[in-house]
2 protein chains.
Amino acid sequence: MLQELTETRYGKHDYIFREGDPTEYFHIVKEGTVKCVKSTPEGKECTLKMLMPGDLFCCDAAAFDGASHPGSAQPMGDVSILRMKKKSYFEMLRRNPDAAMEVIKYLGNRLNEAQEKTKDLALDRADQRLASLLVDLAARSGIPDPNGIRLTVRMTREDMANMIGITTETAIRIMSRFKRDRLVSGTANRLLIRDLKGLKALASAS
Amino acid sequence: MLQELTETRYGKHDYIFREGDPTEYFHIVKEGTVKCVKSTPEGKECTLKMLMPGDLFCCDAAAFDGASHPGSAQPMGDVSILRMKKKSYFEMLRRNPDAAMEVIKYLGNRLNEAQEKTKDLALDRADQRLASLLVDLAARSGIPDPNGIRLTVRMTREDMANMIGITTETAIRIMSRFKRDRLVSGTANRLLIRDLKGLKALASAS
DNA sequence: CAATAAACATGACATATATCATGTTTGTGG
DNA sequence: CCACAAACATGATATATGTCATGTTTATTG
């Protein structure tokens, strides 16, 4: 069974798959961070989700028929991915109700997250959404640091902008303000959350 | 087995459940349309999804632990809902791999939809999103009419606004323009899509 | 059918965010 | 370490959309 899971490594400039590619595998993030991206013909990008170790992807319907990927998957730095042919995955689920239940649970959580994000995009201002993003990433990829919480994932202002539906310039401006207000510090290589409470307050000041 | 599914009817002013209520049942829409809504403390609303006959809801993670509903479910007019205690639903899935696979497929599709919506909110203008909405509803709830496609679901400009993250006034203005441009006609009680192609062109003019 | 509320319409104005432009700082590969 | 590119910064201006206000039309209900 488990030998059907193979490990692959990717670097920062690779694609795990591209939007429109046929779906062949079910994936699990083993190490590193993967971003799920959709783009428009004119090159605008929208990052739907940052996948961390333990996250599943392509565990869904697109893997069930001959469909193609609705978005692309790109590593943020070096990552290691476990994958399984979709046929094996499919059979494994049929034989293993526990696994199927886990996938249902996982997809349900992903759907809730996605709907929460929809609500944020629809109702919150840009600075609130950016604060939310930072709070979320602090919880998911942060490590303690003498001055706060350091984010392990390398993320530029442009990356942030794509995650919350604003332009790079707006992300830079808001981050400059957060910096001035001592909420955060540092740049892509060393992002530091200095005042988590302050960010949380901003995030939920809807 | 099937006798565990019970039918309940609701009217336009009822709630099927409210945000925060404990999750007790798995649901299926039998007749009518149900909207899934999230709201802020200040009364702003965001409609996440219109559920039509055949759609499942609460088939997800919130139903798996002692969690509560992340949003509320309200009928758009008269609806009929089938439901099953979550314990029975859970057991049914464990015994029935086909059902579990169907749920995984359904959730995957819902997740894709949600992510498509995220992309629209992040990258498209209000008029494009409204055009998208109308095209989508024409496909899902439209019936042929001498002058185009009539939407069976009764939907005010405010409802539309909540579905695409704009204000009621903006929805009214855009609909007025669509009316002037002969793309649509009519009001909540009798919404008519007069030029589906035109709307599609606008929707994808990203 | 009258009374009342809901839905639609439209103007004037405010504002958050996008766009474009230009410059500085920081990182990186040869 | 130098050269080059990426990332960050910030101003000026444009614009889509929100907000508030007021009026009309269309439903609904007693």
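In what follows, chains are A, B, ... by sequence order, proteins preceding strands, each numbered from 1. Computed over heavy atoms, backbone and side chain alike; hydrogens, waters and symmetry mates excluded.
No side-chain donor from either of B/R157 and B/T168 sits under 3.5 Å from a side-chain acceptor of the other. Using a 3.5 Å distance cut-off with no hydrogens or angles, the side chains of A/Y15 and A/D21 do not pair a donor with an acceptor. For A/E45 and A/S39, the side-chain atoms include no donor-acceptor pair closer than 3.5 Å. A/E19 and A/S72 share no side-chain donor-acceptor pair at under 3.5 Å.
For the pair A/Q74 and A/V34, the minimum side-chain heavy-atom distance is 4.5 Å or more.
Mapping A/R129 and A/T187 onto DNA chain C by nearest heavy atom places A/R129 closer to the 5' end of the strand. Residue whose closest nucleotide on DNA chain D sits further toward the 5' end, between B/A126 and B/H13: B/A126.
Comparing atom distances between the B/R125 side chain and each of C/dA9, D/dT28, D/dA16 picks out D/dA16 as nearest. For B/A188, the listed nucleotide lying nearest its side chain is C/dC8; candidates were C/dC8, C/dA16, D/dT19.
In this structure, A/L123 atom CG and D/dG18 atom P are separated by 11 Å, rounded to whole Å. Rounded to an integer number of Å, the gap from A/I172 CD1 to C/dT26 P is 14 Å. Between the CG atom of B/L121 and the P atom of C/dA16 there is a distance of 20 Å, given to the nearest Å. In this structure, B/R180 places its CZ atom 18 Å from P of C/dC8, rounding to the nearest Å. With rounding to whole Å, A/M175 atom CE is found 16 Å from C/dT25 atom C1'. One can place CD of A/Q128 at 12 Å from C1' of C/dA16, the figure rounded to the nearest angstrom. Straight-line distance from the CZ atom of B/R177 to the P atom of D/dA16: 10 Å, rounded to whole Å. Atom CD1 of A/I174 is separated from atom C1' of C/dT15 by 14 Å (rounded to the nearest Å).
For D/dT26, neither phosphate oxygen OP1 nor OP2 lies less than 4.0 angstrom from any side-chain nitrogen or oxygen of B/N189. For the pair A/R157 and D/dA9, the criterion of a side-chain N or O lying under 4.0 Å from OP1 or OP2 is met. Distances shown here put every side-chain N or O of A/K44 at or beyond 4.0 Å from the OP1 or OP2 atom of C/dA18. Between D/dA9 and A/K179, a contact under 4.0 Å exists linking OP1 or OP2 to a side-chain N or O.
Ring geometry for B/F57 against B/H27 counts as parallel: the plane angle stays under 30°, on a 0 to 90° scale with 60° as the upper cut.
Counting atom types as modelled, B/R173 pairs no side-chain N or O with a base atom of D/dG18 as donor and acceptor under 3.5 Å.
Looking at residues two or more places apart in sequence or on another chain, you find a ring-ring contact (aromatic ring centres under 6.0 Å, His included) between A/F90 and A/F64.
Near-neighbour residues of DNA chain C inside residues 161-171 of chain A, defined by a heavy atom below 4.0 Å, number-ordered: A/G165, A/I166, A/T167, A/E169, A/T170.
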